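Quick caveat: nothing in here was measured; it's all calculated off a predicted structure. First listed ligand is number 1; within each ligand, the first listed atom is number 1.
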Amino acid sequence: MTHSTDTISALKSGPKTEKGVTYCPNCESGTLEAFYEVKSIPVHSVLLMPSRDHALGYPQRDLKLGFCSSCGFISNMVFDPTVHEYSTSCEESQGFSPTFTAFARSLAERWVEEYDLKGKTALEIGCGKGEFLAMMVESGMAKGIGIDPAYIPERLDTPAADKLEFIQDLYDERYTELKADAVCCRHTLEHISPTSAFMRMVSQNIGEQTETVLLFELPDVYRVLKEAAFWDIYYEHCSYFTTGSLARLFRRHGFRPVELDLEYDKQYITIAGYPDGGQPSPLIEGEDDLATVTAEVKRFKEKFQKLRSDWISKVDAFKAEGKRTVVWGGGSKAVSFLTTLGLKDQIDFVVDINPHKHGKFIPGTGHEVRDPETLRVEKPDCVILMNPVYEKEVSEQLAGMGLSPVILPV
Ligand SMILES: [Zn+2]
C-alpha cells in the first residue's frame, strides 16, 4: 500500500543470481528455492487506471516466490524494481476505512505510551500521506518528520500540523542527519527487495543513538501461507516476512526485538527493537518459527490450487444462474484476486468507499471501481469481500441500503 518501492529504486537490485543459484537478499548467505509462480500480473496494483483500455494494456510481469530455508524469508525471485512508477497519483492510503483508521490510531497511541515517546521526535520512513505520523504527534509526540516521494501536503488535515515536517523524497544514506527517538516504517519493507541492504542503511543512519526505538509494521506471510491467501501476494510486494524472519533481520543488523505481535485481525506484524549494543539477548515469543514456516511453504502450492478452483467454480455457477456478483474493496487484494483467478465477466464491477477510486479501473482485468451507493440500484446477489476485517462494516452498510446479498469474505 505504500509507494516506498521508491526507497528502493535507490537501492536497486533484486536477488542476485550466480551460476543458477539465487542468493537470499535478506540474510545474504542462504539460497532461494521457488515454490509459487503466477504469470503476467500487473506490475502495480495500487494505481487504478483512468480507462478500461489503460487497465487492460497495463504492463505485466511474472511473479515467482522463492523461500530461503536459512532465514525463512520469501522473495519474488524475478522482481524488476525498474518497472514501478511512483508519483502522488499513488492511491495507497487505507485512511478512508473507519476500521483501519481506528486500528492505526490505537497503534500510534500504544507505541507512544509503551516506548515512552511523549515529547519526543518520530521519523517515519515511507510515511505515505502522513496520517500515521500525525497520529503519533496527536498522541503526545513533540515532532514528526515524514519522508516519502508520494507525500501530498494538501490532503492531510490534522491539529498537529505545526509539529510535522515532510520531505518528498526517498529515504537513504543522505538523511543520516535526521535524528529521532523513534524510527517508524509501516508497510514499506515489503516493497524493498534488498532488505538486508536497507536495514544496514537504517542502522548506519541511526548510528550511535542507542535509545532510538525502531517501530515497523508489515504484512505477515505466515497467515498467507497457511490460508493460501493468494490475494495478498502481488507484484509490488517483493519481500514477505514472518515474525521470525523479521526478528532475525533485526538481529542481524544489531537490533534487539522487544515486541513481536500480530495485529489487525492477525494480518500485520508489529515489531519494535532497540540497538543491541553488541550484546546478545534471549529470543522473544514468535521468533522461533523456521520449522513451522518451512512446513507451510511445502503445503502452499496444493492449498492454492484447490482454493483457486473452488473460487472459479463458485463465481462461474453464479454467472450461469444469471446472478450478479460484485467485489467489495478496490485495493491491491482485489487486483491480485481478479488477475490471479483470471476473472472477467463473472464479476460485474468493484466497489470501494474511497471516492478517489471511483470511475477508475482495475489494472489487468479492466473492472470498473464504483461508489458502493450504486449498489442500491444494481442490487447484487453476491458480494465478494476482499478483507474479512470489514465484514461488520460492509454488512451494516448493505443492510442500510435495504440489501441482503450473499457476502463471501475471502
Ligand atoms: Zn535468507
Is the ring centre of F216 less than 6.0 Å from the ring centre of F250?
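Yes; F250 has its ring centre under 6.0 Å from that of F216.
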
Using side-chain heavy atoms (C-beta onward) and a distance below 4.5 Å, is E259 in contact with E114?
yes

How far apart are the C-alpha atoms of W328 and Y390, what are their side-chain angles, what is the distance that settles it, and do they pass the ring-ring contact (aromatic ring centres under 6.0 Å, His included) test?
CA-CA 10 Å; W328 190 297; Y390 300 137; 9.4 Å; no

Counting only heavy atoms not in Q209, do more than 12 sit closer than 6.0 Å to its CD atom?
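Buried by this count: over 12 neighbours within 6.0 Å.
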
Is the number of heavy atoms from other residues, nucleotides or ligands under 6.0 Å of D316 CG greater than 12?
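Atom CG in D316 is packed in, count exceeds 12.
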
Considering the Zn ion (ligand 1), could you give the total of protein N/O/S atoms lying closer than 2.8 Å?
4

Check whether F230 forms a cation-pi arrangement with R308 (NZ or CZ under 6.0 Å from the six-membered ring centre, at most 45° off the ring normal).
no

